[in-house]
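What follows is a set of notes on a single structure, which appears directly below.
Atoms considered below: every heavy atom in the structure, side chains included; atoms not considered: hydrogens, waters and symmetry mates.
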Amino acid sequence: MKMNITHSGFSVAFRNALKPFLFVVFMPVIGAAQSTGYSFSLQQAIDYAIQNQVSIKNAELDRQISKSKVDELIGVGLPQINGKADINHFIEIPTSFVPGEFFGGSAGTYFPVQFGQPYTSSVGVSASQLLFDGSYVVGLQASKTYTELAVKNLSQSKIETAAAVSKAYYLVLVAQERLKQLESDVVRLKKLSDDTKAMYENGFVEKIDNDRVELNYNLVENARTNTQRFLENSYNILKYRMGMDLKTNLELTEKITDFQFDPTLLKRDSVDYTARIEYSILQTQYRLSELDVKKNKFSRLPTFMLFGSYSANASRNEFNIFQSGYKWYPTAIVGASVSLPLFGGFQKYSQTTQAKLNQQKVENAFYLMEQGINLEYNNAITTLNNSIDKLKTQEKNRDLARDVTRVSKIKYDQGVGSNLEVVDAEASLREAETNYYTALLEAIIAKIDLDVALGNIKY
């Protein structure tokens, strides 16, 4: 892969490798007070993200909501007790009609009469207890499964955050290492530029030789400046992934040399589907579809309920309802009820059919997910293999470029080499270094993606 640091500083290819991380919009902070700083290892950064990332906080809230919904549904099966009190003033007492024969009238006639008193009141309490409801029993099972699903969704959010933080963490480490290398290049080329300028001023080299070295120095100086900015943005990406305020000072305690590739990852022939949280979530969704079918079947069963109530009523000609010495008339009732659906226009049948069809869709999703996991695993293995091979090649090229640069500088100092040879060697070395760090980051990202594909990240 050919890269040209002359035009891009950190190289076009290096930026292309980092595109997944460059979507964050960074706002400049001018004159802002710095918050308390942190020094984090990778695991500490992940732990911080799990505690502070908004997506995980929301997933935790969803888990708590699902638990509260279970408690709500459980309450349906507990005794339901209600109290009631009212007081009424009839401005016009209701009129009733009685047969005229009661008052000596002819048959077929009716006389209007008013029964009752203008002030009435009642106080009572009622209670009911659900004994059996098929839909309630299955719904209770389903609500607990929903809670399980919420817990797994929370775990998935943590896994995704851990992978994203890991990539961002190593992005910073690679950028730090690249900056160190460029700073070393700047020092070396500054000395070469000063020496060449002195030789030019004393007439030992031509102006074009001096200009060529100065141009090379300016390019590497510009590359260092660009990399410094890139490193700042990389830190902000990491903070964003961690849910940390961008103004917070953050230092990383690990080094890029701490990263190790596990060769056993490349020796596996297949992936265990059940190790993936996505597969476990689909299994839970399938259980929910089973319960949905069961719920529709059980809804055809009778519903049994106990109920009872006690109340007292009062009626007065004057508003003295709550004065003592006046009688209240009690009413009490207990009973049981049975409700049996006989015919509902085939609604239950249609609902059951829909539930079964949805269950078949989830069954089909298993095959699709298994194939997707296989594809993701194969791609991750291929990418990691290619990245490791590329990294080894770029490491060799970097070593060769360093040796060529060293030899060309010795020849130049001894007067048997040309200025152009030194400049070309320096440019080739910077390109080789850029290619190496690009390949290193690509290999690290590929390794993290393979861990995700294998389900090695657990939370």
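- No salt bridge links D194 with K191; every basic N to acidic carboxylate O contact stays at or beyond 4.0 Å.
- Distance alone, capped at 3.5 Å, places no donor-acceptor pair between the T161 side chain and the I50 backbone.
- By the 6.0 Å contact criterion, OH on Y217 is enclosed, its count of non-hydrogen atoms from other residues, nucleotides or ligands being greater than 12.
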**OP:** Go through the steps to decide whether Y235 and Q176 satisfy the test side-chain hydrogen bond (donor to acceptor under 3.5 Å, both in side chains), and finish with yes or no.
**Re:** CA-CA 10 Å; Y235 266 110; Q176 285 178 336; 2.6 Å; yes

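- Geometrically, R178 does not engage Y437 in a cation-pi contact, judged by NZ or CZ lying under 6.0 Å from the ring centre and within 45° of the ring axis.
- Within the 3.5 Å criterion, the main-chain N or O of N210 finds no donor-acceptor partner in the side chain of T196.
- Heavy-atom contacts from other residues, nucleotides or ligands closer than 6.0 Å to CD of E251 number 12 or fewer.
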Original post:
Yes or no on salt bridge (Lys or Arg N to Asp or Glu O under 4.0 Å) for R287 and E148, after CA distance, side-chain angles and deciding distance?
Top reply: CA-CA 11 Å; R287 288 199 296 274; E148 178 185 341; 2.3 Å; yes

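- With sequence neighbours excluded, the residues that form a ring-ring contact (aromatic ring centres under 6.0 Å, His included) with Y279 are Y273, F366.
- The local environment of OH in Y377 is crowded, with over 12 non-hydrogen atoms from other residues, nucleotides or ligands closer than 6.0 Å.
- A search for side-chain hydrogen bond (donor to acceptor under 3.5 Å, both in side chains) contacts involving S280 returns K152, not counting sequence neighbours.
- The closest donor-acceptor contact from the side chain of N202 to the backbone of A198 lies under 3.5 Å.
- Applying the side-chain hydrogen bond (donor to acceptor under 3.5 Å, both in side chains) rule to pairs touching residues 55-65 yields E60-R63, E60-Q64, sequence neighbours excluded.
- With sequence neighbours left out, N358 forms a side-chain hydrogen bond (donor to acceptor under 3.5 Å, both in side chains) with no residue at all.
- At a threshold of 4.0 Å, the pair E221-R224 counts as salt-bridged, since one of the basic side-chain nitrogens sits closer than that to a carboxylate oxygen.
- Between the side chain of S155 and the backbone N or O of V151 there is no donor-acceptor pair closer than 3.5 Å.
- Ion pair R188/D185 flagged as a salt bridge, since at least one NZ, NE, NH1 or NH2 atom sits closer than 4.0 Å to an Asp/Glu carboxylate oxygen.
- Residues passing the ring-ring contact (aromatic ring centres under 6.0 Å, His included) test with Y367: none are found, sequence neighbours excluded.
- Atom CD1 of I56 sits about 10.5 Å away from atom CD1 of I159, to the nearest 0.5 Å.
- No side-chain donor-acceptor contact under 3.5 Å links T382 to the backbone of N379.
- Rounding to the nearest 0.5 Å gives a distance of 6.5 Å between OH of Y48 and CZ of F40.
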Subject >> From CA spacing to verdict: side-chain hydrogen bond (donor to acceptor under 3.5 Å, both in side chains), R398, N435 >> reply: CA-CA 8 Å; R398 183 186 64 169; N435 291 347; over 6 Å; no

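- Residue I445 holds its CD1 atom at 12.0 Å from CG of L384, rounded to the nearest 0.5 Å.
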Side-chain donor/acceptor pairs under 3.5 Å, residues 297-305, sequence neighbours excluded:
residue : atom : partner : partner atom : Å
S299    : OG   : N296    : O            : 2.7
R300    : NH2  : T352    : OG1          : 3.3

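- Put simply, OG1 on T145 and CG on L149 are 9.0 Å apart, with the number rounded to the nearest 0.5 Å.
- Within a 6.0 Å radius of CZ in F132, more than 12 heavy atoms belonging to other residues, nucleotides or ligands are found.
- A donor-acceptor distance shorter than 3.5 angstrom exists from the side chain of Y136 to the backbone of I74, with no hydrogens or angles considered.
- To the nearest 0.5 Å, atoms NZ (K294) and OG (S289) are separated by 13.0 Å.
- Side chain of Q53 to main chain of R241: a donor-acceptor pair is present (N/O by atom type, distance under 3.5 Å, no hydrogens or angles).
- Closest heavy-atom contact between N216 and R430: OD1-NH2, 2.6 Å.
- The heavy-atom pair separating L154 from A59 by the smallest distance is CD1-CB, 3.7 Å.
- In F204, the CZ atom is not crowded: 12 or fewer heavy atoms of neighbouring residues, nucleotides or ligands sit closer than 6.0 Å.
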**OP:** Test side-chain contact (heavy atoms from CB on, under 4.5 Å) on L252 and L173 and set out the steps.
**Re:** CA-CA 8 Å; L252 308 189; L173 294 185; 3.8 Å; yes

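- Side chain of Y459 to main chain of S157: no donor-acceptor pair is present (N/O by atom type, distance under 3.5 Å, no hydrogens or angles).
- Enclosure of atom CD in E72 is not indicated, since only 12 or fewer non-hydrogen atoms of other residues, nucleotides or ligands lie within 6.0 angstrom.
- Within 6.0 Å of NZ on K255 lie no more than 12 heavy atoms contributed by other residues, nucleotides or ligands.
- Residues A163 and V452 come closest through the heavy atom pair CB-CG2, 3.8 Å.
- Once rounded to the nearest 0.5 Å, the distance linking CD of E232 with OG1 of T227 reads 11.5 Å.
- In this model, a donor atom of one side chain and an acceptor atom of the other lie less than 3.5 Å apart for Y286 and E363.
- Of the N and O atoms on the side chains of Q43 and D47, at least one donor lies less than 3.5 Å from an acceptor on the other residue.
- Atom CG of L420 sits in a crowded spot, with more than 12 heavy atoms from other residues, nucleotides or ligands closer than 6.0 Å.
- The aromatic rings of F259 and Y170 lie perpendicular to each other, with more than 60° between the two planes, well past the 30° mark.
- Under the 3.5 Å distance criterion, the side-chain polar atoms of D292 are left unmatched by any main-chain donor or acceptor of L288.
- Residues R402 and L429 share a closest heavy-atom pair of CG-CD1, 3.4 Å.
- Contact detail for I457 and A162: the closest heavy-atom pair is CG2-CB, 4.1 Å.
- Ion pairing of R212 with D209 is present here, as a side-chain N (NZ or NE/NH1/NH2) and a carboxylate O approach within less than 4.0 Å.
- Residues A446 and T383 come closest through the heavy atom pair CB-CG2, 3.8 Å.
- Salt bridge status for R276 with E376: present, with a side-chain N to carboxylate O gap under 4.0 Å.
- Using a distance-only test at 3.5 Å, with no hydrogens or angles considered, a donor-acceptor pair links the side chain of Q44 to the main chain of S41.
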